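Beneath this line is the structure, given in structure tokens, with notes to follow.
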Amino acid sequence: ERLLPAGSVVEFRERTLWSEHWREILGTAGLLLGQAALIAALLVARRNRVRAEAGLREAEQRYRTVADFTYDWEYWRRPDGSFAYVSPSCLRVTGHEAAAFDRSPGLLDELVVEEDRPLWSEHAEVAQSGLGSSRLEFRIHTSDGQVRWVDHVCSPVTGADGAFLGVRGSNRDITDRRRS
């Protein structure tokens, strides 16, 4: 057409794909670009989630290692009396597996020697109120019938919003020290 003299009129021009379907082509290209952007955003979000999960696993492993391999018997008791966590070292101190405390949350109260129960009950009531940290020495019966002295320290566990989530207890076997 550019070789024709100026002012020439072209009749019966062949229509091109672009001239017939430019709206559809631009719409499809826009849709494909939108989908590509969405896929890229999803891939970035997935990568960030995978990194965050890996960080959480690493942090959990660090804290679980500290909690699970501590020499003292540690626990976290919820406000309803059930246990959120009991360290495996409770077996060394009480003779009972950690799972026994999950199955029977009252087991801790039952282990306390009868003469020390009023003191323990008063202490537990204050601890469950979330008023602050406290310390107590008392005796327990182990699963094999021995009596052991326990140095118990507990403190309230609170959430980021300040809500009371229970009590964290740390129990150390001080039987040898008391005997000496």
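Atom set for the values below is all heavy atoms of this structure, side chains included, hydrogens, waters and symmetry mates excluded. We count residues from 1, following the sequence as given. Because the structure is a prediction, the values reported are computed rather than measured.
Considering all non-hydrogen atoms of both residues, Pro5 and Ser8 come closest at O-OG, 2.7 Å. Across His123 and Cys154, no two heavy atoms sit closer than the pair NE2-SG, 3.3 Å. Pairing each heavy atom of Pro156 with each of Ser133, the nearest pair is CD-N, 4.0 Å. Heavy atoms only, all atoms of each residue included: Leu119 and Glu137 are closest at CD2-O, 4.5 Å.
Between the side chain of Thr175 and the backbone N or O of Trp149, at least one donor-acceptor pair lies under 3.5 Å. Listed for the Arg148 side chain is a donor-acceptor partner under 3.5 Å among the backbone atoms of Val93. Between the Arg77 side chain and the Gly81 main chain, a donor and an acceptor come within less than 3.5 Å of each other. Here the side chain of Thr28 pairs no donor or acceptor atom with the backbone of Ile25 at under 3.5 angstrom. The backbone N or O of Ser19 sits less than 3.5 Å from a side-chain atom of Thr16, completing a donor-acceptor pair. Ser143 places a side-chain N or O within donor-acceptor distance of the main-chain N or O of Gly95, the cut-off being under 3.5 Å. Listed for the Gln128 side chain is a donor-acceptor partner under 3.5 Å among the backbone atoms of Pro79. Although no hydrogens or angles enter the test, the distance criterion places a donor-acceptor pair under 3.5 Å between the side chain of Asp80 and the main chain of Ser82.
Here Arg46 contributes atom CZ and Arg51 contributes atom CZ; the two are 12.5 Å apart, rounded to the nearest 0.5 Å. Between the CG atom in Leu17 and the CD atom in Glu24 there is a gap of 9.5 Å [rounded to 0.5 Å]. One distance of note links OG1 of Thr142 with CG of Leu91; it measures 10.5 Å at 0.5 Å rounding. Once rounded to the nearest 0.5 Å, the distance linking CD of Gln61 with CG of Leu56 reads 13.0 Å. In this structure, OG in Ser87 is found 12.0 Å from OH in Tyr71, a value given to the nearest 0.5 Å.
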Let me see the working for Val157 and Trp76 under side chain to side chain contact (heavy atoms under 4.5 Å, CB included), right down to the final yes or no. CA-CA 8 Å; Val157 176; Trp76 171 9; 4.0 Å; yes
Would you check, one step at a time, whether the test side chain to side chain contact (heavy atoms under 4.5 Å, CB included) holds for Val147 with His141? CA-CA 5 Å; Val147 173; His141 290 286; 3.7 Å; yes
Applying side chain to side chain contact (heavy atoms under 4.5 Å, CB included), run through Leu111 and Phe138 and close with a yes or a no. CA-CA 10 Å; Leu111 293 178; Phe138 62 94; over 6 Å; no
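Residues Arg139 and Glu115 meet the side-chain proximity criterion, which asks for heavy atoms closer than 4.5 Å. The side-chain heavy atoms of Val113 and Ile140, taken from C-beta on, include no pair separated by under 4.5 Å. With a 4.5 Å cut-off on side-chain heavy atoms, Arg92 and Asp173 count as touching. In this structure, Arg172 and Val150 have side chains that are not in contact, with every pair of non-hydrogen atoms separated by 4.5 Å or more. Taking 4.5 Å as the limit, some side-chain heavy atom of Asp151 sits within range of a side-chain heavy atom of Arg135. The side-chain heavy atoms of Leu108 and Tyr75, taken from C-beta on, include a pair separated by under 4.5 Å. At a threshold of 4.5 Å between non-hydrogen side-chain atoms, the residues Arg168 and Glu74 count as touching.
Under the 4.0 Å criterion applied to side-chain N and carboxylate O atoms, Glu114 and Arg117 are assigned as salt-bridge partners.
A donor-acceptor contact under 3.5 angstrom links the side chains of Asp109 and Trp120, judged on distance only. A donor-acceptor pair shorter than 3.5 Å cannot be found between the side chains of His152 and Ser170. No side-chain donor from either of Thr70 and Asp72 sits under 3.5 Å from a side-chain acceptor of the other.
Glu14 meets the salt bridge (charged side-chain N to carboxylate O under 4.0 Å, His left out) test with no other residue; sequence neighbours excluded. Every residue two or more places apart in sequence or in another chain that forms a salt bridge (charged side-chain N to carboxylate O under 4.0 Å, His left out) with Arg62 is listed here: Glu58.
A tilted orientation is assigned to the rings of Trp73 and Phe101, their planes being inclined by 30° to 60°.
When the side chains of ILVMFWY residues are joined at heavy-atom separations under 4.5 Å, either directly or via intervening members, Val112 and Leu107 end up in a single hydrophobic cluster.
In Glu125, the CD atom is not crowded: 12 or fewer heavy atoms of neighbouring residues, nucleotides or ligands sit closer than 6.0 Å.
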